[in-house]
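Naming convention: chains lettered A, B, ... in sequence-line order (proteins, then strands); numbering from 1 in each chain.
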Amino acid sequence: MSDTYDFRAIQDRWLPVWTELDPFRASDDPDDPRERRYMLDMFPYPSGDLHMGHAEAFAIGDVVARYWFQRGYNVLHPIGWDAFGLPAENAAIQRNLHPADWTYRNIETQAASFRHYAISFDWSRRLHTCDPEYYKWTQWLFLRLFERGLAYRKASPVNWCPNDQTVLANEQVVGGVCERCGATVTKKTLTQWFFKITDYAQRLLDDISLLEGRWPDRVLTMQRNWIGRSEGAYVDFVIEGRDEPVTVFTTRPDTLYGATFFVVAADSALAQELCAPQYRPAFEEYLEQVRRLSDIDRLSTEREKTGVFLGRHAINPVNGERIPVWAADYVLAEYGTGAIMAVPAHDQRDLEFALKYGLPVRVVVDTGEPDPAQTGVATEGDGIHVNSGIIDGTNKADGIARIIAYLEERGLGRGGVTYRLRDWLVSRQRFWGAPIPIVHCPSCGEVPVPDDELPVLLPDLRGADLAPKGISPLAGATEWVATTCPRCGGAAQRDTDTMDTFVDSSWYYLRYCSPHDDDRPFDPEKVRLWLPVHQYVGGVEHAILHLLYSRFLTKVLYDMGLVDFTEPFSALLNQGQVINQGKAMSKSLGNGVDLGEQLATYGVDAVRLTMVFAGPPEDDIDWADVNPGALGKFLARVWRIAGEVTSPVGTPPEGGDEALRRITHRTIREVTELVEGFRFNVAVARVMELANAIRKAIDTGPGPADPAVREAAETLAVLLSLFAPYTAEECWARLGHQPTVARAGWPTADPALVAEEFVTCVVQVNGKVRERLQVPPSVTEEELQALALAAPAIEKAIDGRPVRRVVVRAPKLVNVVV
RNA sequence: GCCCCCGUAGCCCAACGGCAGAGGCGGACCCCUUAAAAGGGUUACAGUGUCGGUUCGAAUCCGACCGGGGGCACCA
């Protein structure tokens with residue numbers, strides 16, 4: 001063997017061996033007695049090669065998976081690709097290709113990189129969401145939602161780029177302009193497909209309690225905010241000249257007597273309808289203005305509220321008062337009912353509007369604060385109701401309860417809740433996605449494609465066929481669009497939209513259980529064995545969308561009886577980001593770090609070790625603050641140790657140097673606890689300490705032939721296998737073992753060796769350390785107190801003063817208070 | 001504006017309410033070497049953002065403030 005550590009040679013030696021051994025296959029055998037564990041990394045999007053962010057996330061996930069393998073669990077650690085999406089289309093337009101060409105090429109690149117990066121995947125379960133074998137089942141799921149009324153179409157305003165003639169996703173609208181061409185994005189109303197996630201709002205909220213403590217708090221907080229439950233009341237207002245009353249939602253029904261005007265969202269159908277004829281020109285002009293401003297100015301919180309009077313009046317149901325109806329931009333068409341009662345005295349937004357347009361401000365809650373009409377500050381807190389008829393003299397809580405009871409008795413309203421969460425818009429006017437499996441028939445309407453005709457395959461479009469033309473690219477494939485109605489057999493047309501890629505990724509964790517099943521999306525028996533995912537690892541950028549959609553879909557599948565759990569991911573770990581010089585890596589800053597270059601310079605193990613050693617996994621890593629070279633040196637040190645052990649393989653450790661054995665076993669115990677608690681950076685530090693101890697034992701201690709040195713070196717290799725698989729394997733071989741160290745088994749700490757012989761007891765006088773005593777760990781409090789008080793240094797420190805109190809924390813500390 | 005997280009050595013980071021330092025980087029010095037690199041070793045450097053409180057004892061718990069990061073933000 002060479003006498004210098006050569007990471008390239010080591011990588012080249014072991015990668016083919018591992019590929020041959022394929023040591024990370026999960027067993028689907030229901031009789032396999034091993035405990036099952038499912039470790040899932042958020043699957044990557046194939047945009048070129050792997051980058052630093054992947055390197056961190058997968059290094060962290062791999063520590064967990066490899067630990068579980070070593071513990072002897074039956075581990076499912078799969079990999080796949082989230083392979084539909086817009087970048088492939090853009091690349092195809094630019095290079096006159098099919099999006100699949102670009103996509104599969106990138107997938108192969110990333111797959112090879114993952115192999116090289118030595119992640120412990122079960123490669124037999126690999127999937128790609130753009131494979132027809134996969135998206136067939138995405139379509140199947142769509143149809144199940146459609147059957148249950150959870151997939152429906154409605155007209156909805158969407159982001160529209162007038163230059164590119166295309167619909168844009170929210171993420172493609174940056175600061176109100178199209179990220180691609182810079183044109184100002186406008187709103188356009190199109191008929192779109194939605195999933196009715198709002199039906200599940202309460203369950204999605206309630207089940208957050210099942211994830212408490214196992215998901216990061218901030219993710220749960222973000223989900224709660226996103227769902228945005230509000231409690232209050234729905235109140236019906238009669239509008240003069242309209243048959244049906246208009247309902248508003250309010251969280252403060254107790255302020256109903258303070259309502260001095262009524263507002264509907266300017267861009268709502270209701271505003272159109274309510275506008276009186278003589279006010280229409282002004283309204284239309286105003287509406288045009290609102291539409292033009294919408295997106296850029298929505299981002300500004302400073303913007304002054306605007307509105308127009310619609311020439312109509314509403315009747316306050318509790319006091320019969322006539323109040324004017326306005327259309328305004330500060331009321332959102334999509335939230336609540338798109339209409340509000342305005343109580344300017346007790347709502348800051350209403351107050352600002354009232355003061356601007358000279359509308360009355362009436363105080364109905366006495367909070368002890370000055371008059372809002374004078375100060376411009378609405379009094380939104382609790383207080384005693386005044387000018388409020390039936391609830392005069394009550395506080396906020398009582399007032400709300402009484403008003404709701406009053407409204408309900410008379411059929412004028414009801415208590416209720418509303419949510420900020422909106423239905424999930426799933427249709428995209430895009431090519432590279434799963435086609436929506438619906439046929440539009442002139443006589444039958446929306447007809448689902450029969451299951452046995454799935455998948456609805458994408459037509460072969462490429463290059464310029466995919467360029468934006470104002471309609472979905474699929475609509476241009478006229479032969480593909482023309483079909484027959486599955487119900488009546490007449491001429492009909494295929495739906496030309498594709499599904500949001502978040503639909504693909506909302507169920508992939510189920511597909512891994514039976515990735516090649518041609519008869520169903522997943523095998524419920526296998527899903528029962530593996531799910532829910534024991535540990536999910538991924539970036540916090542998916543805190544809401546992907547994780548919320550997956551939770552939603554799981555609940556739908558639960559309701560369908562296809563799965564027996566309601567939450568897909570039992571535990572979640574958000575790794576931090578890799579940044580550089582204090583900032584996110586970006587082309588414009590020129591501070592990008594290329595993973596391939598790092599791996600070529602320092603080796604896979606050094607980069608992986610850097611990723612887990614830099615700090616707690618959830619913290620960002622500033623690549624300018626870390627030094628992969630130093631970790632390469634550490635690995636070389638370990639490698640040298642393994643080569644210096646002279647005792648033969650199989651030498652029993654008993655009788656070896658006891659001090660070293662104690663260190664070895666204490667390290668086993670600590671590293672085990674640290675890995676279980678995701679304290680990987682500290683675990684690596686403990687492994688380094690073990691290496692230092694072995695180095696010392698070889699050089700100035702019992703020497704390289706001592707059995708304890710072999711035991712320590714073998715332990716070192718196994719512990720290191722979680723973080724630096726190549727070096728660990730090489731060390732294992734140098735120590736005389738066969739591959740693979742990854743399945744060598746986790747060492748067990750001997751309790752007798754973990755126990756300390758003596759511990760250092762600190763003796764303080766008034767909190768200051770005055771003496772250290774070596775005592776057995778079993779020392780009693782009484783003995784320890786006697787020992788401490790008898791110590792000369794303590795007597796001196798007490799200096800004859802009366803001892804007021806002695807705090808004894810055996811065996812570590814005594815504090816004498818004088 | 002509201003909510004959450006974080007401030008420990010030049011740097012990244014450890015420390016069940018109990019000796020402020022585990023590990024690493026960087027620095028200095030020593031050994032090895034003809035020399036250097038590599039390697040081995042020794043060592044210095046902070047009193048824990050600030051001010052108060054609780055406690056025998058606070059980096060740790062509580063309050064306020066300062067600084068950094070994140071989330072939400074016309075949601076009626």
>> What's A:Asp217 touching, base or sugar-phosphate or nothing? Going by heavy atoms closer than 4.0 Å.
In response: nothing
> Base, sugar-phosphate alone, or nothing: which one does A:Arg422 contact when heavy atoms must sit under 4.0 Å apart?
Replying inline: base
> Less than 4.0 Å between a side-chain N and a carboxylate O, is that true for A:Arg695 and A:Glu644?
Replying inline: yes
> Do the rings of A:Tyr357 and A:Phe353 sit parallel, tilted or perpendicular, given the 30° and 60° boundaries?
Replying inline: tilted
>> What is the distance, to the nearest angstrom, from the OH atom on A:Tyr335 to the P atom on B:A73?
In response: 12 Å
> Whole Å only: how far is the CD atom of A:Glu352 from the P atom of B:A73?
Replying inline: 18 Å
>> Categorize A:Thr250 for me: base, sugar-phosphate, or nothing, with a 4.0 angstrom heavy-atom threshold over every strand shown.
In response: sugar-phosphate
>> One thing to verify: whether A:Asp254 and A:Arg252 come together as a salt bridge, which I'm taking to mean a side-chain N less than 4.0 angstrom from a carboxylate O.
In response: yes
>> Over all strands shown, is A:Arg805 touching base, sugar-phosphate only, or nothing at heavy-atom distances under 4.0 angstrom?
In response: base
>> Could you tell me how far apart A:Leu256 (CG) and B:A76 (P) are, to the nearest whole angstrom?
In response: 17 Å
> Tell me: CG of A:Asn627 to P of B:C11, nearest whole Å?
Replying inline: 16 Å
> How many Å lie between CD on A:Glu673 and C1' on B:C16, as a whole number?
Replying inline: 11 Å
> Which part of the nucleic acid does A:Gln348 contact within heavy-atom distance under 4.0 Å: base, sugar-phosphate only, or nothing?
Replying inline: nothing
